[in-house]
Novice: 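Pasting a structure below so you can have a look.
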Amino acid sequence: MNAEYLPDFIERKWISKWEQEAIFEPEPNEQEKYFITVPYPYLNGILHAGHTRTFTIGDVIARHKRMQGLNVLFPMGFHVTGTPIVGLAELIKNRDPQTIEVYSKHHGIPESKLHTLESPEKIVDFFSVEAEKSMRSIGYSIDWRRKFTTTDDAYKKFIEWQFNHLYENGYIVKGSHPVKWCPADDNPVEDHDILHGEGANIVDYTLIKFEYEGCIFPCATLRPETTFGVTNLWVNPEIEYVKIKVANDENDETWVVSKDAYDKLLHTDKDIQLIETVPSFSLIGIKVTNPLTREKVITLPASFVRGDNGSGIVMSVPAHAPFDYLALRDLYDSDLSAYGIDENPRYIKLISLIDVPEFSDYPAVDAVNQFNINSQNDSLAEDATKLVYKKEYHSGTLKQNTGKYANIKVSKIKDILTKDLIDQNIGELFYEFSEPVVCRCGTPCVVKMVKGQWFLHYSNPGWKRTVTECVDQMDIIPEELRVEFHNKIEWLKDKACARKKGLGTKLPFDKAWLIESLADSTIYMSYYILAKFLNEDIGAEQLTNTLLDYILLDIGSLEAASISSGLERELIEKIKTDFSYWYPVDIRTSGKDLVPNHLLFFLFHHVAIFGRDKWPKSIAINGFVSLEGKKMSKSKGPLLTMNEAVHLYGADVTRMYILSSAEQTQDADWKNDKVENAKKQLERFYSFAHQIIKSFSSNDFKNRHEYNDLDHIDKWFLSQLQQRIYQTNISLKQVKTRNALQNSFFILFNDVKWYQRRGGSRLLPYILDVWVRLMAPFTPHLCEEIWDNMEHTNGNFISLTQYPIYNSELIDIDAQLAEELVSKTLEDMDEILKVIKLKPTTIYLYSTPKWKKYVFMTALSMNDQGNLDVGLLIKELMKESEMKKYGKIVPKYAQKVVSEIKGMSDEKISFLLKSNLNETEVLNLATDFFEKETGCQVYVYNGDSPEYDPKNKAGNSTYLKPAIYVE
RNA sequence: GCGAGGGUUGCCCAGCCAGGUCAAAGGCGCCAGACUUAAGAUCUGGUAACGAAGGUUUUCGUGGGUUCGAAUCCCACCCCUCGCACCA
């Protein structure tokens, strides 16, 4: 064994040995199986630290389960469908400076190579080779016989099969949906195509159709319920209005809207024709009919109305909308004769329709007064609006004047009412951005209705219900995220699943479209089972629907499957048996960014396609990785690649660091100087192992289970070790890799230090044997190397060796308690030595007198029976004639003991109840240790009759806390 | 706005669900000692404050509450991060 830790050498050596012996290529057998998957990487770049974290977690779980004796399958594929790879090829071809810079500098691709990646195919070829190399170099125990990319012909056949099923079972429907649209490009815009307004949402307004002489005056609102409180409409005399013809199912309608609104309506699914422009003056001072209440209300002028927002006509609800109230108040007593209005707007009575606990009948008035707002042009009007809307939304209920909607909460009314309005044709939906959106080309974007689009019908309540059932029977790790899954299932709407651009599979029932790339990566875990055979001896064209139905769903017959595919029956049966052996997925582990999308779809599609016995068993979620506190970005940098990490620090160091720096869902920050420290830790471990291997013979390792006459400290260590083994196994099961490493490495290291400090040595070969197995899932190469050098297992891989198992027989309560006594006593001595200024030469320890221990144990057992009480305890004690001697001091001590015990955890109490400790003996055995540690002479006296006690210190002792006197 | 997660001792980061062994694990940093001609590396110990006796005091975002007892449970508030879709 080399004295120096050479990660590069060790790692190459063991990776190639694993490959030679093909130890990670499992086949079905009589063992219990474990199928673990992580999301395959998307190949528009080199694998980075984020992949490293998720994949390493997966590998550690795989290795742990494998060492626990399960038959583990951990496969990997590559995702390439969608637009980014096509976009990247384009950018490289055009020699986009930023792309060239980022990919050469951050991804570490030489420019000459980079320049050849001018087509999506070349990119896929290059990055898939690179990704596999990276994953091999970090030691993942992946079965590479099953790799594939999502543009393989066979994969496309598989996806077609999936979509045929979804279609046949009604999970795919046709419909229209609003998208961000650039009128100049005549294309939808995606977020990275946007100049301004990246955060913009599409908001759904309701148009309320007010009527006037056969014309419709549509008013856009987010609060359709306020239609009950409309007192007038607002028209801005400064903006341009038009009259348009709107095609409707039965009759065409004539609408009056702003010019801007007309432009927007042109992009909706409505059929629109311009009739004429209308002077704004002609729209003011007329009486329109509220379609809901049939009341007639007047139209009035207002400057706050914007032509580019909504329809350019606004309904006024002054009781509940500060702007409306302000605009109305601004008109009080003013001369409106220019508009042909001779009434004073003061006659208009506010209509209250929402009950809000914190406000009067007119919340808008309250808010305007509260903020002390002067006019509709005051900037505070915005704040007042927010306040009123928020309060009304959260705590408002509808009043009696809303008829059948009375008593409904404001927060619940919108969907109900909108539906009713649409049914009666007095309302319509209208979409608008939450903020202006401008395309990269400089053109303002609009909301466009895309018609005849294919949708995955995720909003289907039955489908949602089944997914909810699926989640309920799964393990979600960590458990706290279960609620998140339920929320997101609730929230999920229909999702367009067909695209025009990018790589992918055509929709089998509408070949003009490509299947969207999140939808084609939902049940591919089952494809791993097929992939092994496809990579060997099956052609894509043989993967027929009939064959897939038979293998994956057990539909149809072997006969039919064989005929349709042209495959041998035995082969088909073999694939089918493999599938039913490996499926379902036992765990899928993934970054938390995939919860609201991929993981959700993964569940939706599984329940849609497969029976309950094939539903996934568990999902584990992990957090992100940042780089020196900065967010990583594939396309902009900074980026730490898996290659770079492995190259600079080694595979084992990288694995250990990324798993130990943060727990589960917490984000991890990669810090180079901390990684250096992790490397030192492993060097320390290596040299510890090296020392032990040098100092012991291979026989010492072979006989590791045969120790007789163990010393106290050996028993203590064995007991302690069981706790570490237990905690490591539990933590790994819960995917708490940080906690697992804390126990299997750091804390165990400290235990070993204490063991050696206390003079232990003979268990060291045994310790190393257990320790290295405990660490093997995390740092497999290093552990194989040490394991190999112990020369006690005839060349078996540690990767295939039994993982340490908790052994309750080795738990030794007395040894643990004794060691606690020793270390606490040492702490007490240190504390005293630190405080007193004299130079100490001798320390006297006085163990607890028998009677005090008796008091303590009596109190403990009374506590156990649930009747511990100072009075009762003293009474009980005094029954004992021995105790009467101490009659005067017993009550005081009893009181102390009772409060001490009341403050103990149940665990500690049961621990103490089971113990049987001889203090004097334990302390005597430890005197050498105490002397070595303190540099003083140490004497231990029995507290019952100390030979020497000049300052009467012996009386200070309590059970497990000896009295101390220092000279 | 809606949803989720988080604020801990010089720093990173555990603990919180199952209240008491919690002045609070582990790592880093720092300090001291050993080794060394010395430095570095390595190893060992220490690391809230105060204390001439093992104690005391203050501390886990802020303010309340429940409890014999709260980092942990409840309520309110402040601050930070992420997601909100047709993009992987």
Side-chain angles (χ1 to χ4, degrees), chain A residues 39 41-42 44 79-85 177 179-180 188 190-193 199 201-202 386 389-390 393-394 434 450 453 455-456 478-481 483-484 487-488 490-499 502 516-519 521 592-598 600 623-624 631 634 660-663 665-669 671 673-674 676-678 680-681 683-684 687 736 738-739 741-743 745-747 749-750 753 756-757 820 824-825 827-838 899-909 911-912 933 951 953 956 961-966:
Chain A
Y42 185 76
N44 63 340
H79 194 208
V80 302
T81 39
T83 52
I85 287 178
H177 83 296
V179 294
K180 295 172 190 166
E190 289 158 13
D191 260 356
H192 54 266
D193 295 330
N201 292 321
I202 294 175
K386 271 190 185 150
Y389 282 23
K390 192 172 159 184
Y393 182 82
H394 285 108
S434 57
V450 177
Q453 172 75 287
F455 283 90
L456 280 157
E479 180 61 33
E480 301 92 89
L481 285 179
V483 58
E484 173 80 347
N487 286 340
K488 295 299 180 196
E490 183 87 3
W491 155 91
L492 193 64
K493 295 183 204 155
D494 290 350
K495 183 171 165 66
C497 64
R499 286 293 115 78
E516 188 269 333
S517 61
L518 287 181
S521 55
K592 64 182 171 190
D593 51 329
L594 299 188
V595 173
N597 43 69
H598 165 71
L600 220 48
F624 305 124
K631 198 177 166 180
K634 271 196 215 177
S660 67
S661 63
E663 193 70 275
T665 51
Q666 297 284 358
D667 294 344
D669 190 24
K671 290 193 168 145
D673 61 326
K674 302 258 159 143
E676 290 291 350
N677 291 318
K680 281 181 200 161
Q681 300 283 5
E683 279 166 1
R684 200 146 52 115
S687 79
K736 293 187 177 174
R738 182 191 150 87
N739 203 251
L741 267 167
Q742 287 288 338
N743 277 282
F745 189 73
F746 296 102
I747 301 178
F749 217 139
N750 287 337
K753 274 193 227 166
Q756 291 185 298
R757 189 175 169 191
E820 196 183 316
K824 286 264 161 76
T825 305
E827 272 172 34
D828 281 352
M829 290 191 287
D830 278 344
E831 198 163 344
I832 293 169
L833 294 180
K834 204 173 81 187
V835 170
I836 61 169
K837 294 274 152 56
L838 69 91
S899 71
E900 200 181 322
I901 289 175
K902 292 245 160 151
M904 281 180 188
S905 66
D906 294 348
E907 199 187 340
K908 175 96 183 183
I909 289 171
F911 206 72
L912 285 168
E933 293 291 323
K951 292 272 169 74
K953 292 285 185 185
N956 288 343
K961 197 168 177 64
I964 298 170
Y965 172 58
V966 179

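Note that this is a predicted model, so its numbers are computed, not measured. Chain A is the first sequence line, chain B the second, and so forth, proteins listed ahead of strands; every chain is numbered from 1.
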Novice: Salt bridge check, A/E484 against A/K592: does any charged N sit closer than 4.0 Å to a carboxylate O?
Specialist: no
Novice: Tell me every residue that passes side chain to side chain contact (heavy atoms under 4.5 Å, CB included) with A/E900, counting only those two or more places apart in sequence or in another chain.
Specialist: A/F856, A/M904
Novice: Is A/T665 close enough to B/rG5 that one of its side-chain N or O atoms is under 4.0 Å from OP1 or OP2 there?
Specialist: no
Novice: Tell me, please, which residues at least two apart from A/Y393 pass ring-ring contact (aromatic ring centres under 6.0 Å, His included).
Specialist: none
Novice: Of the nucleotides B/rA88, B/rG26, B/rA85, which one has an atom closest to the side chain of A/L492?
Specialist: B/rA85
Novice: Under 4.0 angstrom, heavy atoms only, what part of the nucleic acid is A/Q681 near: base, sugar-phosphate, or nothing?
Specialist: sugar-phosphate
Novice: Checking A/S661 now: which residues fulfil side chain to side chain contact (heavy atoms under 4.5 Å, CB included) with it, not counting sequence neighbours?
Specialist: A/Y657, A/A668
Novice: Within less than 4.0 Å of OP1 or OP2 of B/rC87, is there a side-chain N or O belonging to A/N597?
Specialist: no
Novice: Which residue lies toward the 5' end of RNA chain B, A/K495 or A/K631, if each is placed at its nearest nucleotide?
Specialist: A/K631
Novice: Mind checking what makes side chain to side chain contact (heavy atoms under 4.5 Å, CB included) contact with A/A963, not counting sequence neighbours?
Specialist: A/Y846, A/N956, A/S957
Novice: Under the side-chain hydrogen bond (donor to acceptor under 3.5 Å, both in side chains) test, which residues partner A/E676, sequence neighbours left out?
Specialist: none
Novice: Within the structure shown, what part of the strands sits under 4.0 Å from A/N44 by heavy-atom distance: base, sugar-phosphate, or nothing?
Specialist: nothing
Novice: What is the base-pairing partner of B/rU81, counting Watson-Crick and G-U wobble geometry with both distances under 3.5 Å?
Specialist: B/rA4
Novice: Within the 4.0 Å heavy-atom criterion, would you say A/N743 contacts the bases, only the backbone, or no part of the nucleic acid?
Specialist: nothing
Novice: Ignoring the backbone of A/K180, work out which of B/rG26, B/rG5, B/rC86 is nearest its side chain.
Specialist: B/rC86
Novice: Report, as a single string ordered 5' to 3', how protein heavy atoms within less than 4.0 Å touch nucleotides 9-15 of chain B: B base, S sugar-phosphate only, - not at all.
Specialist: ---SSS-
Novice: Among all residues two or more places apart in sequence or in another chain, which pass the ring-ring contact (aromatic ring centres under 6.0 Å, His included) test with A/Y389?
Specialist: none
Novice: When you check every protein heavy atom under 4.0 Å of nucleotides 49-57 of chain B, what one-letter string (B, S, -) results, 5' to 3'?
Specialist: --BSBBB--
Novice: So, using side chain to side chain contact (heavy atoms under 4.5 Å, CB included) as the criterion, who are the partners of A/K961 when residues are at least two apart?
Specialist: A/D828, A/T958
Novice: For A/K631, is there an ion pair with A/D667 - N to carboxylate O distance below 4.0 angstrom?
Specialist: no
Novice: Between B/rU42, B/rA4, B/rA88, which nucleotide gets closest to the side-chain atoms of A/K680?
Specialist: B/rU42
Novice: Tabulate protein N/O versus nucleotide N/O from nucleotides 66-71 of chain B, keeping only pairs under 3.5 Å, one per line.
Specialist:
none

Novice: In chain order, what residues pass the ring-ring contact (aromatic ring centres under 6.0 Å, His included) check against A/Y42, with sequence neighbours excluded?
Specialist: A/H79
Novice: Quick one: label A/H79 by what it contacts on the DNA or RNA (base, sugar-phosphate, nothing), any heavy atom closer than 4.0 Å.
Specialist: sugar-phosphate
Novice: Could I get the full list of ring-ring contact (aromatic ring centres under 6.0 Å, His included) partners for A/H598, not counting sequence neighbours?
Specialist: none
